[in-house]
Amino acid sequence: MMEDKIVILTTCENAMHAHILQGALKNVGIPSMLQNELSASVALQGFIGMGVQLLVFEKDLERAKEILAIDKGQTD
């Protein structure tokens, strides 16, 4: 059996945004993880290059992109 590779779906500016996207994925059954959540939340305001990465399994990547594109379109 092939091991599921974990890939970066997107990098969010802050943990709150990352949690919103993570919730949208969870609603459709796509598991995801956050990376750098703590570092980003304790970083000084305006510190450049500190983002929260939203990670998914490679097999879910294309579907996750579609879900978030749809989600973004409805909120803009």
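Computed from a predicted structure; not experimentally measured.
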N/O donor-acceptor pairs under 3.5 Å from side chains in residues 21-32, not counting sequence neighbours:
residue, atom, partner, partner atom, Å
Gln22, NE2, Ser32, O, 3.2
Asn27, ND2, Gly23, O, 3.4

Hits for side-chain contact (heavy atoms from CB on, under 4.5 Å) against Ile8, two or more places apart or cross-chain, chain-then-number order -> Thr11, Gln53, Leu55

Working to the nearest 0.5 Å, report the span between CG of Asp60 and NZ of Lys65.
12.5 Å

Drop me the distance from Leu68's CG to Leu54's CG, to the nearest 0.5 angstrom.
7.0 Å

For Lys59, enumerate each residue passing the side-chain contact (heavy atoms from CB on, under 4.5 Å) test, keeping only those at least two apart in sequence or located in another chain.
Asp4, Phe57

Would you please name every residue forming a side-chain contact (heavy atoms from CB on, under 4.5 Å) with Val7, sequence neighbours left out?
Lys5, Val56, Glu58, Leu61

Scanning both residues in full, the closest heavy-atom pair of Cys12 with Ala18 reads SG-CA, 3.6 Å

